[in-house]
Amino acid sequence: MDLELRVLGLTGGVGMGKSTAAAFLADSGVTIVDTDVLARQLVEPGQPALDEICHAFGAGIISADGSLRRDQLARCVFADPARRKTLEAILHPQIRHLWKSKLAEWRANETSGQPQEPPPDQKSAGNRSRFFCVVIPLLFETQAEVEMDATLCVACSRATQHQRLTSRGWHAEQINQRIESQLPIEEKMARADYLIWNEGSLDVLDAQLDRVLGSAGHQRSIRTPTG
């Protein structure tokens with residue numbers, strides 16, 4: 001018997017491995033929508049959201065070629081919670097509309113018996129194509145968990161998080177601002193249905209995600225895997 005369609009929400013702290021986890025899920029046949037990618041699409045030249053951002057933050061936020069000065073905007077909004085809220089008010093509703101539209105399209109294709117073909121670089125995973133995963137850094141902050149069948153939180157130690165972000169070239173103030181702009185990771189961990197602890201090797205991460213997919217695919221009641 002075919003498994004029911006399941007919608008997963010993937011979140012976690014900045015620098016804790018959401019993108020890596022999403023890549024593993026994609027390789028397992030899960031359809032992935034990353035809201036960071038959607039956000040970048042929304043602020044491309046010519047998009048209405050970019051005009052709204054320009055109006056709210058000034059023309060200086062736009063470069064000579066018409067593209068958004070992302071680093072300048074980041075410095076502005078992460079240093080000022082009020083301005084960050086302004087940006088979120090512009091982008092979050094549009095991002096939510098986009099991923100919900102993609103979810104509706106996926107559901108329609110799956111239930112019609114004409115599922116979408118996975119990208120050629122994704123291995124076949126049978127019934128795992130019945131999973132749809134939305135990667136949302138601010139999943140709980142935006143109350144998006146109500147749209148999900150289950151939520152996954154990728155986390156690691158504070159020391160590892162700081163090490164990873166430092167390797168990106170971020171200084172201590174940037175790191176602290178980004179961390180403080182989200183819920184404490186401990187709260188995300190407590191609220192998620194599944195915890196993915198990303199402190200070890202990629203093989204360990206892969207094994208945890210594999211176990212989650214097996215559990216979520218066969219259980220109606222979502223519980224954190226043990227063992």
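- In this structure, CD1 in Ile185 is found 4.5 Å from CE in Met16, a value given to the nearest 0.5 Å.
- Leu138 and Val14 fall into different hydrophobic clusters, where Ile, Leu, Val, Met, Phe, Trp and Tyr are joined by side-chain heavy atoms under 4.5 Å apart, directly or via other members.
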Between Lys188 and Glu141, is a side-chain contact (heavy atoms from CB on, under 4.5 Å) present by the stated rule, with each step listed? CA-CA 9 Å; Lys188 294 189 179 191; Glu141 293 89 336; 3.2 Å; yes
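- Looking at Asp36 and Val135, their side chains never come closer than 4.5 Å, going by heavy atoms from C-beta outward.
- The same ILVMFWY cluster, assembled from side-chain heavy atoms under 4.5 Å apart, contains both Trp99 and Val7.
- To the nearest 0.5 Å, atoms CD (Glu147) and CD1 (Ile136) are separated by 8.5 Å.
- Exactly one residue among Leu202, Ile196, Asp206 makes a side chain to side chain contact (heavy atoms under 4.5 Å, CB included) with Thr20. That residue is Leu202.
- Tested against Val212, the residues Asp193, Leu195, Leu152 include a single side chain to side chain contact (heavy atoms under 4.5 Å, CB included) partner, Leu152.
- Taken from CD in Gln41 to CG in Leu98, the straight-line distance is 7.5 Å, to the nearest 0.5 Å.
- Considering only heavy atoms from C-beta on, Arg191 comes within 4.5 Å of Glu145 through its side chain.
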Pair Leu38-Lys102, side-chain contact (heavy atoms from CB on, under 4.5 Å): steps then yes or no: CA-CA 11 Å; Leu38 298 182; Lys102 292 180 180 295; 3.7 Å; yes
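- In this structure, the side chains of Leu103 and Val33 stay at 4.5 Å or more apart for every pair of heavy atoms.
- Distance alone, capped at 3.5 Å, is enough to place a donor-acceptor pair between the Glu199 side chain and the Ser157 backbone.
- Checked by atom type and distance alone, the side chain of Asp80 never pairs as donor or acceptor with a backbone atom of Cys76 at under 3.5 Å.
- Remark: side-chain polar atoms of Thr160 are not paired, donor with acceptor, to backbone N or O of Cys156 under 3.5 angstrom.
- A donor-acceptor pair is defined here as one N or O able to donate and one able to accept, closer than 3.5 Å; no such pair exists between the side chain of Arg6 and the backbone of Arg130.
- The line from CG of Asn198 to NZ of Lys18 is 10.5 Å long, rounded to the nearest 0.5 Å.
- With Phe78 as the aromatic partner, Arg178 meets the cation-pi criteria of under 6.0 angstrom to the ring centre and within 45 degrees of the ring axis.
- Remark: Thr111 OG1 to Trp106 CH2 distance equals 9.5 Å, nearest 0.5 Å.
- The backbone N or O of Glu105 lies less than 3.5 Å from a partner atom in the side chain of Asn109, making a donor-acceptor pair.
- Around CD of Gln163, the count of heavy atoms belonging to other residues, nucleotides or ligands within 6.0 Å does not exceed 12.
- No side-chain heavy atom of Phe132 sits under 4.5 Å from any side-chain heavy atom of Leu8.
- The shortest non-hydrogen separation linking Phe131 to Val30 is O-CG1, 3.7 Å.
- In this structure, OH on Tyr194 lies 3.0 Å from OG on Ser215, to the nearest 0.5 angstrom.
- Remark: the backbone N or O of Leu42 is not paired with any side-chain donor or acceptor of Gln94 at under 3.5 angstrom.
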Starting from the C-alpha separation in whole Å, work towards a yes-or-no answer on side-chain contact (heavy atoms from CB on, under 4.5 Å) for Leu91 and Val43. CA-CA 9 Å; Leu91 291 179; Val43 297; 4.0 Å; yes
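- Across Pro137 and Thr35, no two heavy atoms sit closer than the pair CD-OG1, 3.4 Å.
- Contact of the Ser28 side chain with the Leu213 side chain is registered, since non-hydrogen atoms from C-beta on lie closer than 4.5 Å.
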Could you check Leu73 against Phe57 for side-chain contact (heavy atoms from CB on, under 4.5 Å), going step by step and ending with a plain yes or no? CA-CA 8 Å; Leu73 180 63; Phe57 294 90; 4.1 Å; yes
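- Formation of a donor-acceptor pair under 3.5 Å by the Arg69 side chain with backbone atoms of Gly60 is found in this model.
- For the 3.5 Å distance criterion, the side chains of Ser63 and Asp65 qualify, holding a donor opposite an acceptor.
- Using a 4.5 Å cut-off on side-chain heavy atoms (C-beta onward), Arg168 and Leu165 make contact.
- For the pair Leu50 and Ile62, the minimum side-chain heavy-atom distance is below 4.5 Å.
- Put simply, the side chain of His92 does not reach to within 4.5 Å of the side chain of Leu87, judged on heavy atoms.
- The pair Glu88-Arg83 does not count as a salt bridge, with every side-chain nitrogen at least 4.0 angstrom from each carboxylate oxygen.
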